[in-house]
Amino acid sequence: MKVQVCIIGGGPSGLLLSQLLHLQGIDTIVLEKYSRDHVLARIRAGVLEHGFAKLMREAQCGERMDREGEIHHGIHISHDGVMDRIDLSKYSGGSSVIVYGQTELTRDLYEARDKLGGKVIHNAADVTPCDVKSDRPYVTYRDGDKVIRVDCEYVIGADGFHGVSRKSIPKDVLREYERVYPFGWLGVLSRTKPVSAELIYAKHERGFALCSLRSQVLSRYYIQVPLSDTPEGWSDDAFWGELKHRLPGEVAAKLITGPSIEKSIAPLRSFVAEPMRYGRLLLAGDAAHIVPPTGARGLNSAASDIYYLYHAMVDHYKKGDDAGLDGYSNRALARVWKAQRFSWWMTMLLHRFPDNIPYDNKLQDTDLAYLFSSEAALRSFAENYVGLPF
Ligand code: PHB
């Protein structure tokens with residue numbers, strides 16, 4: 001089989017890129033290791049930047065997002081028993097974010113790919129990028145006993161942190177930067193009315209908590225937990241009790257609880273691999289970088305990679321201009337690092353760090369007090385939270 005672009009990974013990044021390229025007449029195939037049901041069972045974050053939303057519309061996938069997604073003009077940060085609101089629109093020059101779950105977005109992308117007859121192969125086993133340093137790269141995968149070879153011009157590695165793409169870049173080429181945080185987030189999804197119309201990030205001496213939502217009938221809550229905890233060790237009652245402890249009294253009193261329909265623990269990690277291009281292999285999204293979820297940057301960081309890749313590919317195929325491809329790694333990384341900085345900073349600001357000395361805790365309190373006392377700091381927060389320009 002021969003295509004122009006072989007995309008490894010059928011998550012939102014890979015699907016969005018294949019859809020955008022298809023609409024420009026560029027032939028792609030998406031190879032996904034897991035089944036569609038498995039991909040759609042993953043519960044991920046749900047805060048989109050407008051830059052991402054625009055790309056979804058350009059891919060002709062924005063209809064349901066625009067209908068069902070909620071525009072949020074602000075967020076709350078609770079600390080020391082009080083709630084402070086950050087007016088994102090006011091401090092970002094009129095911007096906002098869209099609350100729409102990654103799972104729904106992925107569903108829309110699959111539907112759009114199906115409608116156009118896009119090639120999306122599920123359960124592709126042993127996917128292997130080959131000869132990516134040559135002009136004729138190819139990718140092999142296994143379908144049962146059959147090994148299938150896909151010849152292509154470019155390989156996109158959009159297969160996540162654990163994927164094969166980044167691992168196929170030689171160790172002496174790749175530089176990896178990583179920070180692992182000494183805790184995780186225990187997340188619960190429940191079919192209950194959200195406690196607040198806007199997100200609440202809660203700093204508390206017992207640990208961080210977050211009240212988020214997917215819709216007016218579906219809530220998503222998180223609490224910071226030690227890495228040694230397991231979801232099975234947390235009954236629903238224990239979760240709701242701990243969440244209430246960490247919220248201001250008037251919020252806790254309003255919290256509607258219910259059975260969890262999903263419960264999982266995600267460790268927090270910051271990670272960047274450089275460069276994001278090796279020969280004809282280009283990395284995108286979690287394959288190259290991970291953020292802790294605190295700043296809601298993960299999916300949005302992937303979207304900027306896709307934006308740069310999409311334009312680079314179109315310039316290459318339509319204009320014979322390779323500047324975008326040649327500059328892809330540097331350009332993508334410049335924005336990736338800014339998202340890393342913001343996610344790291346928000347994580348440091350709001351969590352309880354078991355090894356902190358009293359001095360560190362004082363600085364943390366001061367950082368928060370400064371944020372709410374300075375218009376410059378609020379502007380900086382808002383422009384990062386709604387997403388820096390591509
Ligand atoms: C979520 O809704 O899952 C969510 C929202 C905001 C974050 C992280 C996760 O910062």
Side-chain angles (χ1 to χ4, degrees), residues 11-12 40-50 52-53 65 68-79 85-86 88 96-107 181 183-204 207-225 231 239 243 246-247 255 260-270 286 290-303 338-351 371 381-388:
L40 289 174
R42 301 197 281 233
I43 308 291
R44 296 280 160 84
V47 176
L48 307 182
E49 296 171 5
H50 281 282
F52 192 141
M65 174 192 75
E68 296 178 12
E70 287 184 15
I71 303 275
H72 283 216
H73 296 283
I75 60 140
H76 299 276
I77 294 184
S78 78
H79 56 100
R85 179 171 186 267
I86 298 182
L88 295 172
S96 54
V97 290
I98 302 174
V99 170
Y100 188 64
Q102 176 172 331
T103 312
E104 297 314 308
L105 185 132
T106 309
R107 204 185 297 283
Y181 300 88
F183 42 74
W185 279 16
L186 169 63
V188 158
L189 190 68
S190 69
R191 242 179 263 293
T192 50
K193 183 173 161 50
V195 70
S196 164
E198 293 178 337
L199 272 65
I200 303 173
Y201 291 86
K203 176 180 187 288
H204 192 274
F208 170 80
L210 170 61
C211 304
S212 183
L213 61 148
R214 292 289 174 274
S215 71
Q216 283 312 308
V217 290
L218 198 56
S219 297
R220 182 69 166 159
Y221 296 105
Y222 299 93
I223 56 172
Q224 173 188 350
V225 293
F239 176 84
L243 177 63
R246 299 183 189 188
L247 298 175
L255 183 75
S260 62
I261 49 179
E262 196 264 0
K263 194 189 282 160
S264 53
I265 294 182
L268 268 68
R269 181 199 303 267
S270 296
D286 287 5
I290 298 279
V291 284
T294 324
R297 296 300 80 204
L299 183 56
N300 294 304
S301 238
K338 288 178 193 149
Q340 290 280 324
R341 187 203 69 81
F342 183 65
S343 306
W344 160 83
W345 172 78
M346 236 183 123
T347 302
M348 300 304 283
L349 181 72
L350 298 174
H351 289 77
L371 173 64
F381 183 97
E383 76 165 350
N384 278 279
Y385 197 88
V386 303
L388 295 168

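Computed over heavy atoms, backbone and side chain alike; hydrogens, waters and symmetry mates excluded. Indexing begins at 1, ligand by ligand and atom by atom, following the structure's order. One-based numbering along the sequence shown.
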Report yes if some heavy atom in the side chain of R214 is under 4.5 Å from a heavy atom in the side chain of E104; otherwise report no.
no

Min N/O separation Y201 to ligand 1 under 3.5 Å:
yes

Does any part of the side chain of H73, heavy atoms only, come nearer than 4.5 Å to the side chain of R85, both counted from C-beta?
yes

For atom 8 (C) of ligand 1, grab the closest protein heavy atom and report residue, atom and distance to one decimal in Å.
P293 O, 3.2 Å

Go through ligand 1 atom by atom and flag the ones less than 4.0 Å from a non-hydrogen atom of V47.
5 (C), 6 (C)

Surrounding CZ of R191 (heavy atoms of other residues, nucleotides or ligands, distance under 6.0 Å), is the total greater than 12?
no

Among non-hydrogen protein atoms, atom 3 (O) of ligand 1 lies closest to Y222 OH, 2.5 Å

Would you check whether R214 reaches within less than 4.0 Å of ligand 1, judged by its heavy atoms?
yes

Distance under 4.0 Å to a non-hydrogen atom of T294: what atoms of ligand 1 satisfy this?
10 (O)

Is the shortest side-chain heavy-atom distance between Y222 and Y201 below 4.5 Å?
no

Which of the ligand 1 atoms, numbered from 1, are nearer than 4.0 Å to a heavy atom of A296
6 (C), 7 (C), 10 (O)

Using a strict 4.0 Å cut-off to heavy atoms of L199, name the atoms of ligand 1 that fall inside it.
5 (C), 6 (C)

Using the six-membered ring of Y385, assess whether NZ or CZ of R297 lies under 6.0 Å from its centre and within 45 degrees of the ring axis.
yes

Going through the checks in order, is the ring pair (Phe, Tyr, Trp, His ring centres under 6.0 Å) test met by F183 and H351?
CA-CA 9 Å; F183 42 74; H351 289 77; 4.6 Å; yes

Measuring from non-hydrogen atoms of W185 to any atom of ligand 1, is the shortest distance under 4.0 Å?
yes

Answer yes or no: does atom NZ of K338 have more than 12 heavy-atom neighbours from other residues, nucleotides or ligands under 6.0 Å?
no

Considering only non-hydrogen protein atoms, determine which one is nearest to atom 5 (C) of ligand 1 and report residue, atom name and distance to 0.1 Å.
S212 OG, 3.5 Å

Crowded around W345 CH2? As in, over 12 foreign heavy atoms under 6.0 Å?
yes

Determine, using heavy atoms of I43 and all atoms of ligand 1, whether some pair is separated by less than 4.0 Å.
no

